[in-house]
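Scroll down for the structure; my scribbles are underneath it.
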Amino acid sequence: MGDSRPSIAIGITGASGAVYATRTLAALLERGAHVELIVSDYGRRLLRDELGDAAAVERLMPYLTERYGAGVAAGTFTLHSNRDLGATLASGSHGCSGMAIVPCSMKTLAAIAHGLSRNLIDRAADVMLKERRRLVIVPRETPMSLPQLRNMVLCAEAGAMMLPAMPAFYQQPKTLDDLADFIAGKVLAALGFEHDLYPAWAGRVDH
Ligand SMILES: Cc1cc2nc3c(=O)[nH]c(=O)nc-3n(C[C@H](O)[C@H](O)[C@H](O)COP(=O)(O)O)c2cc1C
């Protein structure tokens with residue numbers, strides 16, 4: 001209570017691209033944010049499958065420190081169970097100013113599009129929409145079916161920002177981290193944070 005730091009909810013679901021989630025989390029923590037973290041069952045599996053056991057949810061803070069540096073200690077996070085629909089985040093009275101779901105599976109996208117609220121990620125997203133707060137959805141799938149495309153439109157119509165995991169190449173990325181930085185930077189900007197995760201377009205490609 002009385003904590004004036006920005007509070008942001010992050011949902012991690014079982015779509016490919018765990019590095020987008022860890023980079024986004026680290027960047028928010030580096031900026032002193034308090035993160036309300038929810039990881040679905042397949043999100044947990046994804047962290048381990050794509051990044052190794054060291055990135056398991058229970059070891060996330062040491063992993064982020066090792067991977068992104070001690071600056072992540074500027075922020076804090078609270079881990080919520082995705083099954084806990086009685087968590088503070090499930091209510092519009094919680095002061096969370098925005099939420100990003102990164103990466104977002106087609107299943108969770110469908111649940112948000114149709115207001116199902118069957119788990120805490122779905123419900124917290126629904127709260128963001130009904131309270132007219134920022135909701136950033138980072139879907140990852142290709143190709144996409146017509147229902148998936150329609151679900152993106154439904155979410156956009158409801159006020160969410162659709163921010164597909166589509167890194168650009170004009171900034172001449174050299175590493176996978178450069179690509180992750182690009183998406184994390186887009187998410188931070190959408191949530192209202194300043195960042196320098198990728199250079200602004202300068203009117204031409206620098207070689
Ligand atoms: C390694 C792995 C990668 C996956 N990648 C994707 C993906 O890129 N996009 C997607 O929509 N689902 C993907 N899935 C399937 C989802 O994880 C699955 O539909 C799951 O039920 C999503 O549940 P959640 O949204 O609660 O995490 C993947 C599953 C696994 C195991």
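The analysis underlying the following values was restricted to heavy atoms, covering all of them including side chains, and did not include hydrogens, waters or symmetry mates. Numbers here are sequence positions counted from 1. As the structure is a prediction and not an experimental result, all values here were calculated from the model. Start at 1 and go down the list; that is how both ligands and their atoms are numbered.
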Quiz item: Can you tell me if CZ on Arg59 sees more than 12 non-hydrogen neighbours from other groups inside 6.0 Å?
Solution: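 Enclosed.
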Quiz item: Is it the case that more than 12 heavy atoms not belonging to Met144 sit under 6.0 Å from its CE atom?
Solution: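 Yes, the 6.0 Å shell around CE holds more than 12 heavy atoms from other groups.
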Self-check item: Ligand-residue contact atoms, ligand 1 with Thr13, heavy atoms, under 4.0 Å
Solution: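 Counting from 1, the qualifying ligand atoms are 25 (O), 27 (O).
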Just distance, no hydrogens or angles: give the donor-acceptor pairs under 3.5 Å from side chains in residues 85-93, sequence neighbours left out.
from	atom 1	to	atom 2	distance (Å)
Ser91	OG	Ser93	N	3.0
Ser91	OG	Ser93	OG	2.7

Do any N/O atoms on [X] end up under 3.5 angstrom from N/O atoms on ligand 1?
{"X": "Ser105", "value": "yes"}
{"X": "Tyr42", "value": "no"}
{"X": "Asp49", "value": "no"}
{"X": "Gly14", "value": "yes"}
{"X": "Leu46", "value": "no"}
{"X": "Ser40", "value": "yes"}

Quiz item: Under the salt bridge (charged side-chain N to carboxylate O under 4.0 Å, His left out) criterion, do Asp122 and Lys107 qualify, and how do the steps go?
Solution: CA-CA 10 Å; Asp122 299 352; Lys107 185 194 111 182; over 6 Å; no
So which heavy atom in the protein is nearest [atom], and how far is it from that ligand atom?
{"atom": "atom 23 (O) of ligand 1", "value": "Lys107 NZ, 3.4 Å"}
{"atom": "atom 5 (N) of ligand 1", "value": "Ser16 N, 3.3 Å"}
{"atom": "atom 9 (N) of ligand 1", "value": "Arg140 O, 2.7 Å"}

Quiz item: Between the candidates Thr142, Thr108, Ile112, which shows the shortest non-hydrogen contact distance to atom 25 (O) of ligand 1?
Solution: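 Heavy atom nearest to atom 25 (O) of ligand 1 belongs to Thr108.
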Exercise. Using heavy-atom distances, let me know which of Arg45, Glu141, Arg118, Met106 sits nearest atom 31 (C) of ligand 1.
Key: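 Going through Arg45, Glu141, Arg118, Met106 one by one, Arg45 has the nearest heavy atom to atom 31 (C) of ligand 1.
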Quiz item: Is Asp49 salt-bridged to Arg44, going by a charged N under 4.0 Å from an acidic O?
Solution: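 So Asp49 does not pair with Arg44 through a salt bridge.
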Practice problem: Would you mind checking if Arg23 and Asp181 are paired as a salt bridge, meaning a charged N to carboxylate O distance below 4.0 Å? | Solution: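 The answer is yes: the pair qualifies as a salt bridge.
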Practice problem: Answer yes or no for atom 28 (C) of ligand 1: protein heavy atom present at a distance under 4.0 Å? | Solution: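 Yes.
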Quiz item: Is Glu50 touching ligand 1 with its side chain, its backbone, both, or neither, if touching means heavy atoms under 4.0 Å apart?
Solution: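 Neither; nothing of Glu50 gets under 4.0 Å from ligand 1.
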Self-check item: Residues in side-chain contact (heavy atoms from CB on, under 4.5 Å) contact with Glu157, at least two apart in sequence or another chain
Solution: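 Partners of Glu157 under the side-chain contact (heavy atoms from CB on, under 4.5 Å) test: Val153, Leu154.
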Self-check item: Residue pair Pro103 / Ser16: nearest heavy atoms and the distance that separates them
Solution: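 Nearest heavy atoms, Pro103 then Ser16: CB-O, 3.8 Å.
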Quiz item: Name the one of Val39, Leu37, Ile101 that satisfies side chain to side chain contact (heavy atoms under 4.5 Å, CB included) with Ile10?
Solution: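 Checked Val39, Leu37, Ile101 against Ile10; only one passes side chain to side chain contact (heavy atoms under 4.5 Å, CB included): Leu37.
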